[in-house]
Every structure is written in C-alpha cells, then in structure tokens.
Amino acid sequence: MIYLLLPAAAFFGAFFLLPMCRLFLVGGSGTRGWSAYTAILTDPVYFNALLATLGVAAATTVATLLISAIAGVFLQRHRFPGNALLVSMLTLPLAFPGVVIGFMVIMLAGRQGLIGALTQALGGDKWVFAYSLGGLFMGYVYFSVPRTILTVMSATEKLDHRLEEAARSLGASTWRVVLDVILPGLKPAFISAGAICFATAVGAFGTAFTLAARINVLPMVIYTEFTLSANIAMAAALSFVLGAVTWLVLALARTAAGSTVAAAG
C-alpha cells in the first residue's frame, strides 16, 4: 500500500521540496551571506515591511471572520426569496484576480473614486485611502470574505440542532446558545478558514501591486529586490522567510482545528 504514496511523494519532491531547497541556497549566496535570513529582523526596511504585512493580514483575518460568521450563519439558517442569488453575489469576487480587486478599490477609494466624491459633496475633504494599507485591507477583505462564508455555511449546516434545543430547554438565552453552542461548534472551521485567510493576505501580490503607491509589504519588497535592485539573493531569502511564516501559521491551525479543512472556494 505504501507504493500508492509514490506519486504524491514525487510531486511533493519535484514541485515543493527541491524548489524550496534551491530558494534557501540562493538566499545565502549574496553579499550578505547567510545573514540575509536575519536581515528581515535587523534591517528597518525589511522589518517594517514584515510588521505591515503581518498587521494587515491579522486585521483582514479578524474582519473577515467577523463578517463571514454573522452572514454565513444567517444565510444558512434563514431561507428567503433571493437567498441563492445573494449567496452567489457574495461569492462573486472568487472570479476576480487580485489586480481586478485592486482596480475596484481604486474606483471606490482612489483619487477619482466614489467615496472621495461623496465626502467632498458633503462638504468635507476628499477621502482617499486606496493607495495605503487601508485600501489594501479593503481589497483583502473583499477577496477573503467569499471563501470564508462558504466555509462557515458548510460548517453551520453540520451543526447538531439538538444541542441548541437542549440548551434552550434548560433556559439558555439566545446569546448563551450562540456563545456556548454555536461558536464552539464552529471553532474548527473558524481556525481553518482564518489560517487560510491570513496566509493568503500575507502572500497576496496582485492587489498590492495595483495599489502600490505607498504600500510597503513583503511581496512588494521582494518584487522590488528582484526586478529593480537585481538582488536575487535577498529576494530569495525574503521569499523563503515569508513562505516559512505562512507554513507555520497553516501548520498550527491544522493542529488546532483537528481534521477540519476549510473550503478554498
């Protein structure tokens, strides 16, 4: 039976293990040597980019889980005319690449965007934030919510309604049922979906590239090091560290969530 694993092992070795080993060796071959791997903590440019990347990814994850938890449970538990259409509209961003989502953020919060025009028409200053971490946060949430909603809806469908009925029969209020029954039941799905959301926000490039006027996140720094500075070794080291952080988050989430696997969309 062990031979059944050979195709997967060959794929893993050829398309993951060997490229990662090569990336690791290239990262230590530059002028910095192996200290390139610690530069992300000692160099202010790289360290600030790391903090910005992790910060916007964490904020995206929290906002996405909050929105998806409320909307996903409601849409799964309440059927009404137009329910299927609403779910389809909420999952529409799955069809858009990151560049398109970045362009949509510009149309909303850019210099000629709708939000700026409305704030100016109301007598205030034109509110423009598309080209900052705020705009990137908006784009990442827009990109992440559809995937997480699908996960929450699927997990909600599998909840045992008898536990909720038992809690209500014992006098539990609606909020106690939510806090003591529904949320613990959805916890593995939240952990898995949140980890995928975080990992996607950490490594996403297309949206950041579209909005890159004042955004200094690691994917953009790696792109700059590789293309403009021709510093391939540093770009490789930063890429390896970024991949290691993402892998660690997913591994911890997998351990915490048990066998639950988040839907990828």
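Computation of the quantities below employed the complete heavy-atom set of this structure, encompassing side-chain atoms and omitting hydrogens, waters and symmetry-equivalent molecules.
The hydrophobic cluster containing Met138 does not contain Phe198, counting ILVMFWY residues as joined when their side-chain heavy atoms lie under 4.5 angstrom apart, directly or transitively. Criterion: ILVMFWY side-chain heavy atoms under 4.5 Å apart, direct or through other members. Under it, Leu242 and Met20 are part of a common hydrophobic cluster. Two different hydrophobic clusters hold Met234 and Leu228 under the rule that ILVMFWY side chains link at heavy-atom gaps under 4.5 Å. Hydrophobic clustering, with ILVMFWY side chains joined whenever heavy atoms are under 4.5 angstrom apart, groups Leu114 together with Met107. Taking hydrophobic clusters as Ile, Leu, Val, Met, Phe, Trp and Tyr residues chained together by side-chain heavy-atom distances below 4.5 Å, Val56 shares a cluster with Leu108.
Looking at Phe190 and Leu183, their side chains come closer than 4.5 Å, going by heavy atoms from C-beta outward. Looking only at side-chain heavy atoms (C-beta outward), Phe47 and Thr42 stay at 4.5 Å or farther from each other. In this structure, the side chains of Val87 and Met153 come closer than 4.5 Å at one or more pairs of heavy atoms. At least one side-chain heavy atom of Tyr142 sits less than 4.5 Å from a side-chain heavy atom of Pro93. Residues Val73 and Val152 are in side-chain contact: their nearest non-hydrogen atoms beyond the backbone lie under 4.5 Å apart. Using a 4.5 Å heavy-atom threshold, the side chains of Leu41 and Leu50 count as touching. Within the 4.5 Å cutoff, side-chain heavy atoms of Ile106 are placed close to those of Thr210. In this structure, Glu225 and Val221 have side chains that are in contact, with non-hydrogen atoms separated by less than 4.5 Å.
A donor-acceptor pair is defined here as one N or O able to donate and one able to accept, closer than 3.5 Å; such a pair exists between the side chain of Thr119 and the backbone of Trp127. Ser68 places no side-chain N or O within donor-acceptor distance of the main-chain N or O of Leu65, the cut-off being under 3.5 Å. Under the 3.5 Å distance criterion, the side-chain polar atoms of Asp125 are left unmatched by any main-chain donor or acceptor of Gln120. Judged purely by atom type and a 3.5 angstrom limit, Asn83 has no side-chain atom pairing as donor or acceptor with the backbone of Arg79. Side chain of Ser132 to main chain of Phe129: a donor-acceptor pair is present (N/O by atom type, distance under 3.5 Å, no hydrogens or angles). The backbone N or O of Val141 lies less than 3.5 Å from no partner atom in the side chain of Ser144, so there is not a single donor-acceptor pair. No donor-acceptor pair under 3.5 Å is formed between the side chain of Thr151 and the backbone N or O of Ala193. Side chain of Lys126 to main chain of Ala117: no donor-acceptor pair is present (N/O by atom type, distance under 3.5 Å, no hydrogens or angles).
For Ala204 against Pro219, the heavy-atom pair with the smallest separation is O-CG, 3.5 Å. Closest of all the heavy-atom pairs between Ala109 and Ile115 is CB-CD1, 4.3 Å. Nearest heavy atoms, Leu211 versus Gly102: CD2-O, 3.3 Å. Looking at every heavy atom in both residues, Val178 comes nearest to Pro184 through O-CD, 4.2 Å. Of all non-hydrogen atoms in Met220 and Phe205, the two that sit nearest each other are SD-CE1, 3.7 Å. When all heavy atoms of Ala208 and Val217 are compared, the closest pair comes out as CB-CG2, 4.1 Å.
Ring orientation note: the planes of Phe74 and His78 are close to parallel, at an angle under 30° on the 30°/60° scale. A perpendicular orientation is assigned to the rings of Phe240 and Tyr37, their planes being inclined by more than 60° (bins at 30° and 60°).
Once rounded to the nearest 0.5 Å, the distance linking CZ of Arg147 with OG1 of Thr91 reads 10.0 Å. Atom NE2 of His161 and atom OG1 of Thr156 lie 9.0 Å apart (nearest 0.5 Å). With rounding to the nearest 0.5 angstrom, the CZ atom of Phe226 is 11.5 Å from the CD1 atom of Ile222. For the atom pair Tyr140 OH and Ile101 CD1, the distance stands at 10.5 Å (nearest 0.5 Å). Atom CG in Leu238 sits 10.5 Å away from atom OG1 in Thr224 (nearest 0.5 Å). In this structure, CG in Leu218 is found 9.5 Å from CG in Leu51, a value given to the nearest 0.5 Å.
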Q: Take Leu90 and Leu75 through the test side chain to side chain contact (heavy atoms under 4.5 Å, CB included) and record every step on the way to the result.
A: CA-CA 11 Å; Leu90 288 173; Leu75 289 172; 3.5 Å; yes
Q: Begin with the C-alpha distance, continue with both residues' side-chain angles, and end with the deciding distance and a verdict on side chain to side chain contact (heavy atoms under 4.5 Å, CB included) for Thr38 and Asp43.
A: CA-CA 8 Å; Thr38 60; Asp43 190 303; over 6 Å; no
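Counting heavy-atom neighbours within 6.0 Å of Phe96 CZ, excluding the residue itself, gives a total above 12. Atom CZ of Phe103 is surrounded by 12 or fewer heavy atoms from other residues, nucleotides or ligands within 6.0 Å. At most 12 heavy atoms of other shown residues, nucleotides or ligands fall within 6.0 angstrom of atom CE in Met89.
Note: Phe16 and Trp247 fail the aromatic proximity criterion, with ring centroids not under 6.0 Å apart.
At a threshold of 4.0 Å, the pair Arg77-Glu164 counts as salt-bridged, since one of the basic side-chain nitrogens sits closer than that to a carboxylate oxygen.
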